[in-house]
A.B. asks: 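I am attaching a structure below and will ask some questions about it afterwards.
Residue numbering restarts at 1 for every chain, and letters A, B, ... go by the order of the sequence lines.
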Number of protein chains: 2
Amino acid sequence: MTADRLGFLLARHGQTMKLRLREALSVCGLGPRHGAILLRLAQAGSISQQALLEALTVDASTLVAILNDLERDALTERRRDPTDRRRHIVEITPEGRSAACAVEHAVADVEREAFADLDAEEIAQLHTLLARVHVRPTTEPGAGTECAPGCAPE
Amino acid sequence: MTADRLGFLLARHGQTMKLRLREALSVCGLGPRHGAILLRLAQAGSISQQALLEALTVDASTLVAILNDLERDALTERRRDPTDRRRHIVEITPEGRSAACAVEHAVADVEREAFADLDAEEIAQLHTLLARVHVRPTTEPGAGTECAPGCAPE
DNA sequence: TATTGTTATACTCTATAACTATA
DNA sequence: TATAGTTATAGAGTATAACAATA
C-alpha cells in the first residue's frame with residue numbers, strides 16, 4: 001500500500017496524526033497547537049511570541065487565539081519585552097508545567113501506538129528525515145513546471 | 001530544530017504539505033484530495049467507492065462531495081456495481097487522465113522542493129517509514145495511560 | 001435488519017483585512 | 001513609515017446525523 005505519492009502520504013498521515021493528538025489532548029481540554037506550545041515552553045521557560053510564530057508555522061492571529069486560551073486557563077502569561085514594548089514574551093506558569101507533563105504523556109501514548117511497527121532506530125530515522133524537509137517554499141510560487149498542455153480541465 | 005515531538009512534527013509538516021499541494025493543484029482547479037483520487041484512478045482505471053474510503057482516510061460524506069466535483073468536471077464517472085447495486089464503481093475518463101497527468105507534474109514540483117535536502121535513497125527511506133505508521137487506532141480509545149495525577153488544568 | 005451512498009448541518013481551522021500601540 | 005500584536009470576519013474542511021435505496 002505504498003502506491004501513493006510521498007507528498008500525499010505525508011499530508012494524509014499528518015492529518016491523521018493531528019486528529020489523534022486532538023483526541024488524546026482533549027482529555028486535558030487542549031488542542032494540538034496548545035500542546036505543542038506548552039512543550040516548547042516547558043523546555044525553554046519563556047519564548048518570544050515571534051519565535052513561536054516561526055516554530056509552529058501558524059498564522060499570527062491563530063497564535064493569539066491559542067495564547068488567549070492558555071492564559072485563560074492560567075497555563076501561560078504574556079509580558080512585554082522591556083527592550084521593545086511592542087513585543088511579547090510568553091512564560092509558562094507552574095500550572096502550565098503540570099499541564100505540559102500531561103501533554104507529554106498523552107502524546108507519548110499516541111506516538112507509541114502510531115509508530116508501533118517501527119523500532120527505536122527507525123523512529124529516530126523518521127524524525128531526522130522529517131526535520132529535514134523544507135517547511136517554507138524556497139522559490140517563488142509559479143517557478144516550477146506548469147501544467148502540461150491540454151491538461152487543464154473545464 | 002529537532003527539539004520537537006515526532007507526533008507534532010509529523011502533524012505540522014503534513015499540514016504544510018497539504019497547503020502546498022492545494023496551492024499547486026489550484027492551477028488545475030482541484031483540491032489535494034481530488035488529485036489523490038485522480039492519481040489512484042489513473043493507475044487502476046476504476047475503483048470501488050469503498051476502496052477509496054479506506055485508501056484516503058476520508059469521511060464518506062466528504063468523498064461524495066469530492067466525487068461530485070470530479071464528475072461535474074467530467075473527470076470521473078460513477079456507475080452501479082452490477083453484482084450489488086448499492087455499490088458504486090468510480091471510473092476515470094479521458095479528460096480525467098489528462099488532469100491526472102497535470103496533477104502528477106504539480107505534485108512532483110512540490111515534492112522536489114520540499115525534499116530538496118534529501119537524496120533519492122533518503123526519500124525512499126522516508127516513504128517506506130511513513131507507509132509503516134499506523135493510520136487507524138488499533139486499540140480502543142482510552143486504553144493508553146491517563147493524564148498524570150494533578151495534571152489536568154482548570 | 002444491515003449496508004451503501006447521499007444530503008443537510010454544524011463545527012473547527014485558517015487566513016484576510018482593519019485597527020491599536022509602539023518604534 | 002514600519003513592526004508587533006490584536007480583533008472581527010469570512011471561507012474552506014471536516015465530521016455528525018438523518019435519510020433513501022438496496023441487500
A.B. asks: Which residue, Arg40(B), Arg97(B), Arg79(B), forms the salt bridge (charged side-chain N to carboxylate O under 4.0 Å, His left out) with Glu91(B)?
C.D. replies: Arg79(B)
A.B. asks: Separation of Glu23(B) atom CD from dG11(D) atom P, in whole Å?
C.D. replies: 20 Å
A.B. asks: How many angstroms lie between CG in Leu67(B) and NE2 in His34(B), if you round to the nearest 0.5 Å?
C.D. replies: 8.5 Å
A.B. asks: Please check if Leu30(B) and Leu56(B) belong to a single hydrophobic cluster, counting links between Ile, Leu, Val, Met, Phe, Trp and Tyr side chain heavy atoms closer than 4.5 Å.
C.D. replies: yes
A.B. asks: Sequence neighbours left out, what passes side-chain contact (heavy atoms from CB on, under 4.5 Å) with Glu77(B)? Give chain and number order.
C.D. replies: Thr93(B)
A.B. asks: Figure out the CZ/P separation between Arg87(B) and dA23(D), and round it to whole Å.
C.D. replies: 11 Å
A.B. asks: Pull out every protein N or O sitting under 3.5 Å from an N or O of nucleotides 12-16 of chain D, one pair per line with the distance.
C.D. replies:
{"from": "dG13(D)", "atom 1": "OP1", "to": "Arg22(B)", "atom 2": "NH1", "distance (Å)": "2.4"}
{"from": "dT14(D)", "atom 1": "OP1", "to": "Arg33(B)", "atom 2": "NH2", "distance (Å)": "2.7"}
{"from": "dT16(D)", "atom 1": "O4", "to": "Ser61(B)", "atom 2": "OG", "distance (Å)": "2.7"}

A.B. asks: Figure out the CG/C1' separation between Leu53(A) and dT14(C), and round it to whole Å.
C.D. replies: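 Whole-Å distance recorded here is 14 Å.
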A.B. asks: Taking OP1 and OP2 of dT7(C), is either one under 4.0 Å from a side-chain nitrogen or oxygen of Asn68(B)?
C.D. replies: yes
A.B. asks: May I have the distance from Ile89(A) (atom CD1) to dA4(D) (atom P), rounded to whole angstrom?
C.D. replies: 14 Å
A.B. asks: Mind calculating the distance between CG (Leu52(B)) and P (dT4(C)) to the nearest angstrom?
C.D. replies: 14 Å
A.B. asks: Does anything in residues 56-67 of chain B form a salt bridge (charged side-chain N to carboxylate O under 4.0 Å, His left out)? List the pairs, not counting sequence neighbours.
C.D. replies: none
A.B. asks: So, using side-chain contact (heavy atoms from CB on, under 4.5 Å) as the criterion, who are the partners of Arg85(B) when residues are at least two apart?
C.D. replies: Arg80(B)
A.B. asks: Which residue pairs satisfy the salt bridge (charged side-chain N to carboxylate O under 4.0 Å, His left out) criterion with at least one member in residues 118-135 of chain A, sequence neighbours excluded?
C.D. replies: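 Residue pairs with at least one partner in residues 118-135 of chain A: Glu122(A)-Arg132(B), Arg132(A)-Glu122(B).
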A.B. asks: Given atom CZ of Arg20(B) and atom P of dA15(C), what is their separation to the nearest angstrom?
C.D. replies: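 Taking CZ of Arg20(B) and P of dA15(C), I get 14 Å after rounding.
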A.B. asks: For Gln49(A) and dT7(D), what is the distance between atoms CD and P respectively, to the nearest whole Å?
C.D. replies: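 Distance check: Gln49(A) CD to dT7(D) P gives 11 Å.
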A.B. asks: Closest heavy-atom contact between Val64(B) and Arg78(B)?
C.D. replies: O-NH1, 4.2 Å
A.B. asks: So which protein nitrogen or oxygen atoms get under 3.5 Å of nucleotides 20-23 of chain C's nitrogens or oxygens?
C.D. replies:
{"from": "dA23(C)", "atom 1": "OP1", "to": "Arg85(A)", "atom 2": "N", "distance (Å)": "3.1"}

A.B. asks: Starting at CD of Gln50(B) and ending at P of dT22(D), how long is that distance when rounded to a whole Å?
C.D. replies: 17 Å
A.B. asks: How far apart are the C-alpha atoms of Leu10(B) and Leu130(B), what are their side-chain angles, what is the distance that settles it, and do they pass the side-chain contact (heavy atoms from CB on, under 4.5 Å) test?
C.D. replies: CA-CA 10 Å; Leu10(B) 177 55; Leu130(B) 270 183; 3.9 Å; yes
